[in-house]
Amino acid sequence: MHSEISAILAALRQQKPVVHNITNLVVTNTTANALLAIGASPVMAHAPEEMADMVSIASALVINTGTPSEPQRTAIRKAIQAAREQGKPWILDPAGAGATPYRLQLNTELLELKPAAIRGNASEILTLLTGKPTGRGVDTDSSSDDALNETLSYLQRRAAQLNTVLAVTGATDYIIDSQRIAKITNGHPMMAKVTGTGCTATAMTGAFLASSNDPWLAVTASIACLGIAGEKAAFAAKGPGSLQMHLLDELYLLDAETIQARLSLEVLIKQ
Ligand SMILES: Nc1ncnc2c1ncn2[C@@H]1O[C@H](COP(=O)(O)OP(=O)(O)OP(=O)(O)O)[C@@H](O)[C@H]1O
Ligand SMILES: Cc1ncsc1CCO
Ligand SMILES: [Mg+2]
């Protein structure tokens, strides 16, 4: 898999896709910088009046519901409509989907609008798919093999129904479509001590989706690249502050040799 991942990264850097982000107030700067560091061209925009025009110059759209509001909801609807009309991929990050009924209702509406991919932590993805606002979710690390397998086959059925790619991230990442599951164990626990690491994964995935015809491979490549850059950054960091700085450097420096040396990925067959 390392050569396929490096090939998509090379295509991304060659194409420098414009990625339109409607994201949360917390991570707007860090996700824009991560997109630049990996080789894409970010634009952060949320005025409803310019959504169709902005989508028309972008190659992918990233929607993140971390700090929602009614004006943003209007912008999100307009941007997704434009992306669908223009045949451009869009990715959903249901940030905090289970935190309030408002977010869950918004995310449930967006789920029906055919995202090419959905990236969240286990609680967010399960809340979104089941409609049950639990903050508990699954802990893929501590689940028994049976419980984990049950959840994976449920997720795979839902990915097939929705014709999307589900990326469930955490200590272990699972990238799931109707046929394939990638299990990635790159990354470092310190990454969870920097806000917006997951939002960065989603934003980067927008750029990777724009750089490949295989959405599952694109999402897998994106999550693997972030995990590899993140673990390298963690080794160099004293704590979360310098991790954030090193992460940008490692995304910028990431190359095929590093991917080959560090990739920790297993492809599970159809459940
Ligand atoms: N305990 C961990 N061990 C190893 N890597 C981790 C761990 N926690 C997070 N990561 C890395 O961080 C990436 C994204 O993190 P996570 O799933 O925690 O996102 P999130 O909860 O949506 O974060 P946020 O909402 O702050 O953006 C994962 O894909 C993985 O590479
Ligand atoms: C901390 C926080 N609050 C809303 S969005 C966000 C960033 C991580 O999702
Ligand atoms: Mg998140």
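As the structure lists them, so they are numbered: ligands from 1, and atoms in each ligand from 1.
Here the shortest heavy-atom distance to atom 20 (P) of ligand 1, taken over A203, S222, P189, G198, belongs to G198.
Y102 and E70 share a donor-acceptor pair across their side chains, judged by distance under 3.5 Å alone. Using modelled atom types, one finds a donor on one side chain and an acceptor on the other under 3.5 Å when comparing T185 with S264.
For the pair C199 and ligand 2, a heavy-atom separation below 4.0 Å is found. Residue contact annotation: G196 has a non-hydrogen atom under 4.0 Å from ligand 1. Within the 4.0 Å heavy-atom cutoff, G230 does not count among the residues contacting ligand 1.
Within a 6.0 Å radius of CD in E257, other residues, nucleotides and ligands contribute 12 heavy atoms or fewer. Dense packing is recorded around CG of D249, with more than 12 heavy atoms of other residues, nucleotides or ligands lying under 6.0 Å away.
Interface atoms of ligand 2 facing T195, defined by a heavy-atom separation under 4.0 Å, are 1 (C), 7 (C), 8 (C). Each of the atoms 12 (O), 26 (O), 27 (O) of ligand 1 lies under 4.0 Å from some heavy atom of T197.
The side chain to side chain contact (heavy atoms under 4.5 Å, CB included) test with L92 is passed by exactly one of T164, N64, I63: I63. When R77, E85, R84, K78 are each tested for a side chain to side chain donor-acceptor pair (under 3.5 Å) with Q81, only one passes: E85.
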Might you work through the side chain to side chain contact (heavy atoms under 4.5 Å, CB included) test for D177 and V219, ending with a clear yes or no?
CA-CA 10 Å; D177 78 355; V219 180; over 6 Å; no
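Salt bridge status for R180 with D214: present, with a side-chain N to carboxylate O gap under 4.0 Å.
Under 4.0 angstrom from ligand 1, the non-hydrogen atoms of R119 all belong to its side chain. When non-hydrogen atoms are compared, ligand 1 lies under 4.0 Å from the backbone of H188 (N, CA, C, O) but not from its side chain. Of all the heavy atoms of D173, the ones lying under 4.0 Å from any atom of ligand 1 belong exclusively to the side chain. The parts of C199 lying near ligand 1 are both backbone and side chain, judged by heavy-atom distances below 4.0 Å.
For a threshold of 3.5 Å applied to N or O pairs, the pair formed by G187 and ligand 1 contains no separation below that value. Of the N or O atoms in T195, none lie within a sub-3.5 Å distance of an N or O in ligand 1.
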